[in-house]
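For the numbers below, each heavy atom of this structure counts, side chains included, while hydrogens, waters and symmetry mates do not.
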Amino acid sequence: MMKNMLLMFLFVVFMGMSLNLSAHIANKEEYKKYSAYITNYLKNTVELCKVKKDGVFAHCESTGSGFQMPYAIALHNNYAYITNDNNSVTVCHIEQNAKLTRCVSTGTDLISPFGIAIYNNYAFISSYHNSVRVCRIFVDGSLKECRTEGSGFKNPFSIAQNNGYAYISNYNDTVPNNYPISFGKNSISSCKISPRGHLTDCQKNSGFRLPNGIAFSKGYAYVTNFLINEVRKCKVNLNGTLSGCASTGEGFHHPNGIAVHDGFAFVSNYYKNTVRSCKIADNAELVDCKTSESMNGFRNEVQYNGFKYTVNYYENTVDIFEIGKDNLSHKSKESVGGFQGPIGIAFYKDNAYVINNNNTIRSCKIRLEDGYLSACTLRPRENRTMGIALN
């Protein structure tokens, strides 16, 4: 199933990093007066982070409860709404200190909910089963009277709203046999939202490659192209369609969620478990991009004890380079069969921890004389950043 295949790739933690941001007061002057919420897919948490003056995230801690592999997050009034892998949406109350409390399940008949957007007291939830569910938001924050809206979707993933239009990314327009090299000639559907939350006049905008996240600022849409490590900037036309799309910003590594706030674009890097913060220039380009701290300490290339370790996703190996000897490399004895799509590595007390794209971690002993990894065992899964939002 395409959904599971893509999750093996890793979507922040931003999550898995899922990236979502909200405006709340921070105490110290070196921080912005708002906080960031990031869904952590593999850890089953939402991370609450402070935002520095330069847009970089810091001092993240878990908040809320009851999440099951959370994807996206959206904020409305004093409530946060989080989509989960177990066909549910969790709603949490946002306290004055920005923490999430009193989290409960809400909504009805939700199947494979991924993205969530809120407009005019309606929640729009993209379902991987070719539909969008629209639920009315009641005073207590609950989602009720859910119904299916729109047409022509092909495995919709993320969803966003802007100026009375809903934007839904389609993952399954075309799926070539030579996945993943040419996978993802995908589209984004733009649908008009009626006052009662109906989706009409849906049109498709083409030219995207696994568009995982969508955000808007001053007449432009910013779309994360997960497959080709880029963010595309598109002009938003009066009829809701997108045109003139071109790459902007730099330093993205399988970008997943995206949020725009306070003159910054915040992009979650799925494999790196980091957030990339870019300033939005007057010409709408993303510039001066900086990387926030890792959400769990994993990197895809790390130096340790005289060796450089590089995870090789496609060959299921960890390649080892002796530092100081030109391009001399050899592979771990445990690299064949032990790793399954490795995407990150971290070290602690002469042990290496390799995270795989099947949501597992292998703990390996390090042979000090030559850097080899051996005696690898399975460990509980850790983090993955997925969605991101700002309020």
Chemist: Show every salt bridge (charged side-chain N to carboxylate O under 4.0 Å, His left out) that has at least one partner inside residues 242-251, sequence neighbours left out.
Modeler: Glu250-Arg276
Chemist: Closest approach of Ser187 and Pro211, non-hydrogen atoms and distance?
Modeler: O-CG, 4.2 Å
Chemist: Between the side chains of Asn205 and Thr241, is a donor N or O closer than 3.5 angstrom to an acceptor N or O?
Modeler: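 No donor-acceptor contact under 3.5 Å links the two side chains.
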Chemist: Check the angle between the aromatic planes of Tyr79 and His93 and answer parallel, tilted or perpendicular using the 30° and 60° thresholds.
Modeler: perpendicular
Chemist: For Cys364 and Leu373, work out which heavy atoms get closest and say how close.
Modeler: CB-CB, 3.9 Å
Chemist: Are Tyr122 and Tyr81 connected, step by step, through hydrophobic side chains (Ile, Leu, Val, Met, Phe, Trp, Tyr) whose heavy atoms are closer than 4.5 Å?
Modeler: no
Chemist: Show the nearest heavy-atom pair for residues Gly115 and Thr83, with the distance to one decimal.
Modeler: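 Residues Gly115 and Thr83, closest heavy atoms: O-CG2, 4.1 Å.
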Chemist: Between Lys192 and Asp201, does any side-chain N to carboxylate O distance fall below 4.0 Å?
Modeler: no
Chemist: Just wondering, more than 12 heavy atoms not from Asp282 lying within 6.0 Å of its CG?
Modeler: no
Chemist: Relative to each other, are the rings of Tyr34 and His261 parallel, tilted or perpendicular (30° and 60° limits)?
Modeler: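 Ring orientation of Tyr34 relative to His261: perpendicular.
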Chemist: Are Ile280 and Val231 joined in one hydrophobic group, where the rule is that I, L, V, M, F, W and Y side chains link up if heavy atoms are under 4.5 Å apart?
Modeler: yes
Chemist: Give a yes or no on whether Tyr119 and Phe114 share a hydrophobic cluster (residues Ile, Leu, Val, Met, Phe, Trp, Tyr; joining criterion: side-chain heavy atoms under 4.5 Å apart).
Modeler: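 Hydrophobic grouping puts Tyr119 apart from Phe114.
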Chemist: Sort and list the pairs that fulfil salt bridge (charged side-chain N to carboxylate O under 4.0 Å, His left out) and have at least one residue in residues 110-129, not counting sequence neighbours.
Modeler: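 Non-adjacent pairs meeting salt bridge (charged side-chain N to carboxylate O under 4.0 Å, His left out): zero.
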Chemist: So Cys135 and Lys144, do their side chains get closer than 4.5 Å, heavy atoms only?
Modeler: no
Chemist: Would you indicate whether the side-chain heavy atoms of Thr148 and Arg133 approach each other to under 4.5 Å?
Modeler: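 In contact.
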Chemist: Under the salt bridge (Lys or Arg N to Asp or Glu O under 4.0 Å) test, which residues partner Lys204, sequence neighbours left out?
Modeler: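 Residues passing salt bridge (Lys or Arg N to Asp or Glu O under 4.0 Å) with Lys204: Asp173.
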Chemist: Using modelled atom types and a 3.5 Å cut-off, is there a donor and acceptor pairing between side-chain atoms of Asn84 and backbone atoms of Phe67?
Modeler: no
Chemist: Tell me whether the count of non-hydrogen atoms from other residues, nucleotides or ligands lying under 6.0 Å of CG in Asn305 goes above 12.
Modeler: yes
Chemist: If you look at every heavy atom in Gly249 and Cys289, which pair is closest and at what distance?
Modeler: CA-SG, 4.2 Å
Chemist: Other than Leu368, which residues form its hydrophobic cluster under the rule that side-chain heavy atoms must be closer than 4.5 Å?
Modeler: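 Noted: Leu368 shares its cluster with no other residue.
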Chemist: Compare all side-chain heavy atoms of Asn237 with those of Lys235 and state whether any distance is below 4.5 angstrom.
Modeler: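 With C-beta onward as the side chain, the pair touches.
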Chemist: Would you say that Leu242 contacts Phe208 through its side chain, given a criterion of any heavy-atom pair below 4.5 Å between the two side chains?
Modeler: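 In short, these two side chains touch, coming nearer than 4.5 Å.
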Chemist: Check the orientation of Tyr167 and Phe216. Use parallel for under 30°, tilted for 30 to 60°, and perpendicular for over 60°.
Modeler: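 Tilted: the ring planes of Tyr167 and Phe216 meet at 30° to 60°.
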Chemist: Are side-chain N/O atoms of Thr45 and Glu47 paired as donor and acceptor at under 3.5 Å?
Modeler: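 Checked: Thr45/Glu47 side chains pair up, N/O donor to acceptor below 3.5 Å.
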Chemist: With Thr106, which residues qualify under side chain to side chain donor-acceptor pair (under 3.5 Å), at least two apart?
Modeler: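 Thr106 satisfies side chain to side chain donor-acceptor pair (under 3.5 Å) with no residue once adjacent residues are dropped.
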Chemist: Run the numbers on Asn269 and Thr274 for side chain to side chain donor-acceptor pair (under 3.5 Å), then give the verdict.
Modeler: CA-CA 5 Å; Asn269 288 312; Thr274 58; 3.3 Å; yes
Chemist: Is there side-chain contact between Leu48 and Lys99, with at least one heavy-atom pair below 4.5 Å?
Modeler: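 Counting from C-beta outward, Leu48 and Lys99 do come under 4.5 Å.
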Chemist: Could you tell me whether a side-chain N or O of Ser127 sits under 3.5 Å from a main-chain N or O of Ile111, the two making a donor and an acceptor?
Modeler: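 Between the backbone of Ile111 and the side chain of Ser127 there is a qualifying donor-acceptor contact (under 3.5 Å).
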Chemist: I'd like to know if Glu149 pairs up with Arg147 as an ion pair, taking the criterion as any Lys NZ or Arg NE/NH1/NH2 lying under 4.0 Å from an Asp or Glu carboxylate oxygen.
Modeler: yes
Chemist: Please name the pair of heavy atoms, one in Gly55 and one in Ser277, separated by the smallest distance, quoted to 0.1 Å.
Modeler: O-OG, 2.6 Å
Chemist: Over 60° means perpendicular and under 30° means parallel, so tell me whether Tyr128 and Phe157 are parallel, tilted or perpendicular.
Modeler: perpendicular
Chemist: Tell me, with the steps shown, if Ile38 and Cys49 meet side chain to side chain contact (heavy atoms under 4.5 Å, CB included).
Modeler: CA-CA 8 Å; Ile38 303 144; Cys49 304; 3.5 Å; yes
Chemist: Can you tell me how far apart CD (Gln203) and CG (Asn239) are? Round to the nearest 0.5 Å.
Modeler: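 Those atoms lie 5.5 Å apart.
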Chemist: Treating Tyr304 as the side-chain partner and Asp350 as the backbone partner, does any N or O pair qualify as donor plus acceptor under 3.5 Å?
Modeler: yes
Chemist: Looking at Ser189 and Phe153, would you say the former's side chain and the latter's main chain have a donor-acceptor pair under 3.5 Å?
Modeler: no
Chemist: Quick one: CG on Asp85 to OG on Ser112, what's the gap to the nearest 0.5 Å?
Modeler: 7.5 Å
Chemist: Tell me if a side-chain donor or acceptor on Asn170 pairs with a main-chain N or O of Pro156 at a distance below 3.5 Å.
Modeler: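 Not a single qualifying donor-acceptor pair exists.
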Chemist: Evaluate the side-chain proximity of Ile193 to Phe124: yes if any heavy-atom separation is below 4.5 Å, no if none is.
Modeler: yes
Chemist: Where do Pro255 and Asn229 come nearest, in terms of heavy atoms and distance?
Modeler: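 Where Pro255 meets Asn229 most closely, the heavy atoms are CD-CA, 3.6 Å.
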Chemist: Are the side chain of Thr90 and the backbone N or O of Cys103 linked by a donor-acceptor pair below 3.5 Å?
Modeler: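 Absent.
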Chemist: Ignoring hydrogens and geometry, is there a side-chain-to-backbone donor-acceptor pair from Thr63 to Leu100 under 3.5 Å?
Modeler: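 Yes; judged by distance alone, with no hydrogens or angles, the pair exists.
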Chemist: If I take atom CG from residue Asn86 and atom OG from residue Ser105, how far apart are they, to the nearest 0.5 angstrom?
Modeler: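 Rounded to the nearest 0.5 Å, the CG-OG separation comes to 7.5 Å.
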Chemist: Do Asn186 side-chain atoms and Leu210 backbone N/O form a donor-acceptor pair below 3.5 Å?
Modeler: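 Side chain of Asn186 to backbone of Leu210: a pair is present.
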Chemist: How long is the straight-line distance from OG of Ser158 back to CD1 of Ile116, given to the nearest 0.5 Å?
Modeler: 13.0 Å
Chemist: For the residue pair Leu143 and Ile125, establish whether any side-chain heavy-atom pair is separated by less than 4.5 Å.
Modeler: yes
Chemist: Looking at Phe264, does the NZ or CZ of Lys279 lie under 6.0 angstrom from its six-membered ring centre and within 45 degrees of the ring axis?
Modeler: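 Ring-cation test returns no.
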Chemist: What do the steps show when you test Cys92 against Ile82 for side chain to side chain contact (heavy atoms under 4.5 Å, CB included), and what is the final call?
Modeler: CA-CA 8 Å; Cys92 302; Ile82 300 95; 4.2 Å; yes
Chemist: Nearest 0.5 angstrom please: Ile168 CD1 to Asn130 CG, how far?
Modeler: 12.5 Å
Chemist: Flag the pair Ile366 / Asn351 as yes when at least one side-chain heavy-atom distance between them is below 4.5 Å, and no otherwise.
Modeler: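 Heavy-atom side-chain distance check fails, nothing below 4.5 Å.
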Chemist: Running the 4.5 Å side-chain criterion over Ile, Leu, Val, Met, Phe, Trp and Tyr, what cluster does Val139 land in, apart from itself?
Modeler: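 Reading the cluster by chain and number, Val139 sits alone, since nothing else belongs.
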Chemist: Which value, rounded to the nearest 0.5 Å, describes the distance between Glu61 atom CD and His59 atom NE2?
Modeler: 10.5 Å
Chemist: Do you reckon Val46 sits in the same ILVMFWY cluster as Ile94, going by side-chain contacts under 4.5 Å, direct or chained?
Modeler: yes
Chemist: Check the pair Phe252 / Ser247 against side chain to side chain contact (heavy atoms under 4.5 Å, CB included), numbers first and verdict last.
Modeler: CA-CA 11 Å; Phe252 308 115; Ser247 181; over 6 Å; no
Chemist: The test is side chain to side chain contact (heavy atoms under 4.5 Å, CB included); show your working for Phe57 and Val51 and say whether it passes.
Modeler: CA-CA 5 Å; Phe57 292 0; Val51 183; 3.8 Å; yes
Chemist: Is the side chain of Asn120 donor-acceptor paired with the backbone N or O of Pro195 at a distance under 3.5 Å, no angle test?
Modeler: yes
Chemist: Indicate yes or no for a side-chain donor-acceptor contact from Thr248 to the backbone of Leu286 under 3.5 Å, with no hydrogens or angles considered.
Modeler: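 Side chain of Thr248 to backbone of Leu286, a donor-acceptor pair under 3.5 Å: yes, one is there.
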Chemist: In this structure, would Leu110 and Val104 fall into the same cluster of hydrophobic residues linked by side-chain contacts under 4.5 Å?
Modeler: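 Same cluster.
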